[in-house]
Amino acid sequence: MTDASLPAVPSLARRFGALLLDWMLCVLAAGLFADPMRDGWAAPLVLVAVYTFFVGIFGQTPGMRLAKITCLGVDTGQPVGLFRGALRGVLLALVVPALIMDGERRGLHDRAAGTVIRPAA
């Protein structure tokens with residue numbers, strides 16, 4: 001496959017914007033059952049649940065949908081299922097794997113979960 005045939009890689013700003021939107025929604029949702037300012041576990045727990053469900057089944061979180069990006073299996077181009085969605089969510093909540101990226105802008109969380117971020121169709 002030549003470089004010209006590879007799909008474009010969304011900018012880091014677009015990816016960060018999607019994550020920021022998802023994080024704000026998770027903090028609001030966590031506020032329904034806990035005090036996110038006092039209970040530091042609540043928002044990351046909601047984030048993992050959101051990634052498990054939305055990335056696993058639909059290939060996009062609400063923030064990704066608004067940013068017009070998608071997270072699919074690198075090998076299939078399809079949503080990755082609940083387990084791999086959860087794995088990606090847990091690693092993303094740890095932050096450090098997301099900060100270490102390769103030349104294709106795939107973080108360690110993407111590599112471990114076998115996912116790739118692409119523009120939504």
Side-chain angles (χ1 to χ4, degrees):
M1 190 180 278
T2 65
D3 288 340
S5 64
L6 289 173
V9 178
S11 70
L12 291 178
R14 183 178 280 189
R15 290 180 69 161
F16 182 73
L19 179 61
L20 186 60
L21 288 169
D22 286 333
W23 186 251
M24 289 187 302
L25 290 172
C26 290
V27 169
L28 289 172
L32 297 174
F33 63 88
D35 178 5
M37 300 306 284
R38 191 187 65 204
D39 302 318
W41 55 268
L45 181 67
V46 173
L47 183 79
V48 171
V50 164
Y51 270 76
T52 300
F53 181 74
F54 286 103
V55 170
I57 295 174
F58 302 109
Q60 297 183 296
T61 62
M64 288 178 184
R65 184 162 176 85
L66 290 171
K68 295 181 171 64
I69 60 176
T70 189
C71 179
L72 301 170
V74 69
D75 51 347
T76 65
Q78 299 296 316
V80 294
L82 297 177
F83 177 76
R84 287 169 57 189
L87 175 62
R88 190 175 192 282
V90 167
L91 292 174
L92 189 59
L94 293 175
V95 178
V96 174
L99 296 176
I100 302 170
M101 293 191 165
D102 63 13
E104 297 173 332
R105 289 196 200 132
R106 287 181 67 208
L108 291 180
H109 62 301
D110 286 317
R111 290 259 176 219
T115 58
V116 64
I117 302 292
R118 295 287 182 228

Legend entry - Gap between atom CG of L87 and atom CG of L92 - 0.5 Å precision: 11.0 Å

Smallest separation among heavy atoms of [X] and [Y], with atom names:
{"X": "L72", "Y": "G77", "result": "CD1-O, 3.3 Å"}
{"X": "A98", "Y": "M101", "result": "O-CE, 3.6 Å"}
{"X": "C26", "Y": "A43", "result": "CB-O, 4.0 Å"}
{"X": "P119", "Y": "A8", "result": "CD-O, 3.0 Å"}

Legend entry - Side-chain heavy-atom pair I117, R105 within 4.5 angstrom cut-off: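 Answer no - side chains too far apart.
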
Inset, instruction - Keeping to residues at least two apart or across chains, list the salt bridge (charged side-chain N to carboxylate O under 4.0 Å, His left out) pairs with something in residues 91-102. - result: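 Listed once each, the pairs are D102-R111.
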
Legend entry - salt bridge (charged side-chain N to carboxylate O under 4.0 Å, His left out) contacts in which one or both residues fall within residues 68-97, not counting sequence neighbours: D75-R84, R88-D110

Inset, instruction - Take R106 and V74 through the side chain to side chain contact (heavy atoms under 4.5 Å, CB included) test and state the conclusion after the steps. - result: CA-CA 10 Å; R106 287 181 67 208; V74 69; 4.0 Å; yes

Hydrophobic cluster identity match, [X] and [Y], side-chain contacts under 4.5 Å:
{"X": "L47", "Y": "F83", "result": "no"}
{"X": "V80", "Y": "L19", "result": "yes"}
{"X": "W41", "Y": "V46", "result": "yes"}

Inset, instruction - Tell me, with the steps shown, if E104 and V9 meet side chain to side chain contact (heavy atoms under 4.5 Å, CB included). - result: CA-CA 7 Å; E104 297 173 332; V9 178; 5.6 Å; no

Side-chain atoms of residues 48-67: list all donor-acceptor pairs with protein atoms under 3.5 Å, sequence neighbours left out, distances to 0.1 Å.
from	atom 1	to	atom 2	distance (Å)
T52	OG1	V48	O	2.7
Q60	NE2	I69	O	2.8
T61	OG1	D22	OD1	3.2
T61	OG1	D22	OD2	2.4
T61	OG1	M64	N	3.1

